[in-house]
Amino acid sequence: MQRLNFLFWNTNRKPLIKEIANIAKHNNIDVILLAEPNLNDAQLLLELNLEQVEYEFQNPIFQSNKFKVITKFSTHFIIPIEQEDRYVCFKIKVPVGEELLIFLIHLPDKRNNQPESIRSYAGRVARRINEIEIEQNLNNTVVIGDFNMNPSDIGMVDAESFHAIMDSEIAKNESRIVSKEKYYYFYNPMWSLHGDIGNNVAGSYFYKNAELVNYHWNVFDQVLLRPSLIDNFEKDSLRFVDSDGEKTLLTKRGIPNDEYSDHLPLIFTLNLDLK
Amino acid sequence: MTAIIENLWPDFTTDEIVRNPKIILREQASFLGKSTKNILTGNIRTESWRNQFSHSFQIVAPNLNNYTYTLFTIVEEDIFGFPCKFQSESSFSIKNEEELLARLKEIFSSDDTKKIINSLMSQSIENNVQVVK
């Protein structure tokens, strides 16, 4: 059995080296996934490995100005598969078990794109995920990133897109048939993090304007799991991080502090003894 | 008495076949191998979805477990090919073959593309990923 702790953070082009290292240290993070990074790789590694040399930048192929992947695994255990503008895909060959297929994604933002455009991108990425799972003969899939959609948005739920639902027991059915077509589920645990009951914050991204419809808190930063990983997922581990362990990432009003990022980091744990 | 059924179709020739975006992309994909001494290859992945064809221009590194980098995607919104939509970091419309060729030249010569190609070529030569295949 191996516990794998994941961190995802859209760092909004801020050089948050100290904050990333603090979160990694205080939460014993194994896999760090960043969107919109703007930091010096060497400085980040120095900070992460300050007390103990553990972290490595993974294959430089996918160290772009859009995504970064840093893990405690040797590069031999991280296999790059595919990259495009909106996602990076790679496999983790977990030493104790089988392989994980990881998609780190960042869909177009809501300020510059119509909801229909974001849905269209989402559908295309979701179809490509299905294809790569078939090509790799692997469905231990984790999709994590900034979707720029809330869990309840059509692009997340639509069977022809991510088909990501909030009930792990239903998702365990693996698929359903609609109009003679078979659609595979993702489990989306993020529904539970939208709202303030039982949560430290009501979402990961705060946006308030003078429109009549305004959610204020959004859950754009999400993780989706294929049903094969549901039993490996520690539900209680899932949370948005409001402090790097040494200082708060929120303003006095309790919303994400732009001085760091306008998004809050997301962490969760997988317990891997894959069959 | 048998009725004569008239063929209403005119004659079609292949002299005026329009070069659609996919043909143009495939030609350019084949040149990538030549330009990189076959260390990298070009591939066009076509997806048909709800009356749209999208063609992704992929750079494939055979020596890195076929790692694939998608440089951009062209979306044909109807059967006529042009105008089509270019999608990458930004999205814009392309009117005709001339404009597409000009855009391709610009993208292939950009610093970003050169950086990606150089990185994939040097890592393919190092061949360190193949060890764990």
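- Residues of residues 3-14 of chain A placed with any heavy atom under 4.5 Å of a heavy atom in chain B are absent; none qualify.
- For CD1 of A/Ile154, the number of neighbouring non-hydrogen atoms (other residues, nucleotides, ligands) closer than 6.0 Å is 12 at most.
- The environment of A/Tyr260 atom OH is dense: over 12 non-hydrogen atoms of other residues, nucleotides or ligands sit within 6.0 angstrom.
- The environment of CD in A/Gln114 is sparse: at most 12 heavy-atom neighbours from other residues, nucleotides or ligands sit within 6.0 Å.
- Across every non-hydrogen atom of A/Tyr121 and B/Ser88, the tightest pair is OH-O, 4.1 Å.
- Both tests pass for A/Arg127 against the ring of B/Trp49: distance under 6.0 Å to the centre and angle within 45° of the axis.
- In this structure, the portion of B/Gln58 lying under 4.5 Å from any heavy atom of chain A is its side chain and not its backbone.
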Residues A/Glu82, B/Tyr69; criterion side-chain contact (heavy atoms from CB on, under 4.5 Å); working and verdict: CA-CA 6 Å; A/Glu82 184 166 311; B/Tyr69 188 101; over 6 Å; no
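- Rounded to the nearest 0.5 angstrom, B/Gln87 CD and A/Ser117 OG are separated by 8.0 Å.
- Here CD1 of B/Ile116 is found 7.5 Å from CD of A/Gln83. Values are rounded to the nearest 0.5 Å.
- Using a 4.5 Å heavy-atom cutoff, the side chains of A/Glu84 and B/Phe72 are not in contact.
- Looking at B/Asn65 and A/Ile79, their side chains come closer than 4.5 Å, going by heavy atoms from C-beta outward.
- A distance of 9.5 Å separates CD of A/Glu135 from CG of B/Asn66, quoted to the nearest 0.5 Å.
- At most 12 heavy atoms of other shown residues, nucleotides or ligands fall within 6.0 angstrom of atom CZ in B/Phe80.
- A/Glu131 and B/Arg45 are joined by a salt bridge, as a carboxylate oxygen and a charged side-chain nitrogen come within less than 4.0 angstrom of each other.
- Atom CG of B/Asp11 sits in a sparse spot, with 12 or fewer heavy atoms from other residues, nucleotides or ligands closer than 6.0 Å.
- Within the model, atoms CZ of A/Arg124 and OG of B/Ser56 stand 6.0 Å from one another, a figure rounded to the nearest 0.5 Å.
- Contacts from residues 103-110 of chain B to chain A, taken as heavy-atom pairs separated by less than 4.5 Å, involve no residues at all.
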